[in-house]
Protein chains: 2
Amino acid sequence: MRADAQRNRALIVTAASEAVARDGAYASLEEIARAAGVGSATLHRHFPSRWALLEAVFHDRVEALCARAGELSTGPDARQALTTWLCELAVYSTTTRGLVTSLLKAPPESESCSAMLVAAGEPLRRRAVEEGTVRDDVEMIDLVTLVKAIALAAESTSAAEAERLVRLALEGISPSRQ
Amino acid sequence: MRADAQRNRALIVTAASEAVARDGAYASLEEIARAAGVGSATLHRHFPSRWALLEAVFHDRVEALCARAGELSTGPDARQALTTWLCELAVYSTTTRGLVTSLLKAPPESESCSAMLVAAGEPLRRRAVEEGTVRDDVEMIDLVTLVKAIALAAESTSAAEAERLVRLALEGISPSRQ
DNA sequence: TTACGATATGGGGGGACACCCCACTTATTC
DNA sequence: GAATAAGTGGGGTGTCCCCCCATATCGTAA
């Protein structure tokens, strides 16, 4: 890729990052192009769709979340580690404007960010299943979907509320065993 | 209200119902107005916002769901009744295009449809808590929010998937007691 | 039945948006 | 430094939401 194209791409992603943080996942693409100092055609050439742009915006942060799963996979309590990671995912998703929307509303063929999260969480799930504290018919993609769904529903309320709902969903609504 | 205004209102709601079923909650308002045979200004006078229109479109169906909660509240197994109703809510929300979006994305001040659902489900929850099969710190609004969230996440997949996730969230991820 | 005031209507315009075409500019390579 | 391939952005098109206001229609009281 030519040097100027690379530079413009970076400018666009930076501008998009700010715009999405301010206005959410449906921020105006033209405004992003203006802020980046490029024409709207350039933006559309680099990113054929809004989701392609959002994926570039959030790629690094999703990678950080995946790394966090790696850190948590060495503790003693596997169930605890899984719960912690899912809650952190929920809180982070709720407080980072546009992230959940871009994860959930992206067209199914390009779910690379979601796929990364599922792959990163899988070791946590497997350890917990082996430990016997998580049902073996629970798939990682179910858990990530649940968390994304809750984060989206709670995006307008608070992160604490999102965490509450995630814990509720993980524990179920039955009274705890005596 | 004048008779012609009433007639136009009904025409708009009917056209909107069809358009939303076909194109989702963000169907073009102008197209709805065209299909109804009225000017776009008339549509906007009757329904100042998209959400006001969607509320009118889904009002009857939400009422039907609430009535269903009433039916279920007389069976012997309260926990089962609650689970059944929430699953039906999830399936119906998933298969009725635009319903979940209109429930979740509507501005918080006009949550009348959501409020109806919470109020309708509350007796089911209370019976199950009294029966001892549901934790007493679980609020109905949490359950409805969970179901709405799952339905939104599963809107693009299948209703069966939505039901699976609802059951998973209600039961939790722990292995069942022996 | 008629006439009048209140109400409802919709065409047309403004502003914003996503997306695309194409003449022009720029970086790279030899 | 010239050739060439790649990149660029201004401007055009079609769509959208929303609003203004002259006109048409309704309901009612005489």
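Throughout, a chain's letter reflects where its sequence line sits, starting with A, and its residues are numbered from 1.
- Across the protein-nucleic acid pair, A/Arg45 atom CZ and D/dT8 atom P stand 6 Å apart, rounded to whole Å.
- A/Arg9 places its CZ atom 16 Å from the P atom of D/dG9, with the value rounded to the nearest Å.
- By the side chain to side chain donor-acceptor pair (under 3.5 Å) test, A/Glu63 is found to be paired with no residue, residues two or more places apart in sequence or in another chain being considered.
- Among residues two or more places apart in sequence or in another chain, the side chain to side chain donor-acceptor pair (under 3.5 Å) test is passed with A/Arg79 by B/Ser174.
- Applying the side chain to side chain donor-acceptor pair (under 3.5 Å) rule to B/Thr101 yields no partners; only residues at least two apart in sequence or on another chain are considered.
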Could you list the protein-to-nucleotides 22-25 of chain D atom pairs, N/O on both sides, closer than 3.5 Å?
{"from": "D/dT25", "atom 1": "O2", "to": "B/Arg2", "atom 2": "NH1", "distance (Å)": "3.2"}
{"from": "D/dT25", "atom 1": "O2", "to": "B/Arg2", "atom 2": "NH2", "distance (Å)": "3.1"}

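- Rounded to a whole Å, the CD atom of B/Gln6 is 13 Å from the C1' atom of D/dC26.
- Of all the residues in residues 13-43 of chain B, B/Gly37, B/Val38, B/Gly39, B/Ser40, B/Ala41, B/Thr42 reach under 4.0 Å from DNA chain C with at least one non-hydrogen atom.
- The side chain to side chain donor-acceptor pair (under 3.5 Å) analysis of residues 23-47 of chain A, with sequence neighbours excluded, yields the pairs A/Arg22-A/Glu31.
- For B/Arg164, the salt bridge (charged side-chain N to carboxylate O under 4.0 Å, His left out) partners at least two apart in sequence or on another chain are A/Asp142, B/Glu161.
- Linking Ile, Leu, Val, Met, Phe, Trp and Tyr residues whenever their side-chain heavy atoms come within less than 4.5 Å leaves A/Val91 and A/Leu65 in two separate clusters.
- Take A/Asp4 and apply the salt bridge (charged side-chain N to carboxylate O under 4.0 Å, His left out) test, not counting sequence neighbours, and it matches A/Arg2.
- Here chain A contacts DNA chain C (any atom closer than 4.0 Å to a heavy atom, that is under 4.0 Å), and the contacts span C/dC17 to C/dT28 from 5' to 3'.
- Every residue was checked against the salt bridge (charged side-chain N to carboxylate O under 4.0 Å, His left out) condition with A/Glu155, not counting sequence neighbours, and none meets it.
- Between A/His44 and the phosphate of D/dT8, there is no side-chain N or O to OP1/OP2 separation shorter than 4.0 Å.
- Residues passing the salt bridge (charged side-chain N to carboxylate O under 4.0 Å, His left out) test with A/Glu171 are B/Arg135, sequence neighbours excluded.
- For A/Ala36, the side-chain contact (heavy atoms from CB on, under 4.5 Å) partners at least two apart in sequence or on another chain are A/Leu11, A/Ile12, A/Ala15, A/Val38.
- Considering OG of A/Ser93 and CD of A/Glu88, their distance stands at 11.0 Å, rounded to 0.5 Å.
- An OP1 or OP2 oxygen of D/dG7 is reached within less than 4.0 angstrom by no side-chain nitrogen or oxygen of A/Asn8.
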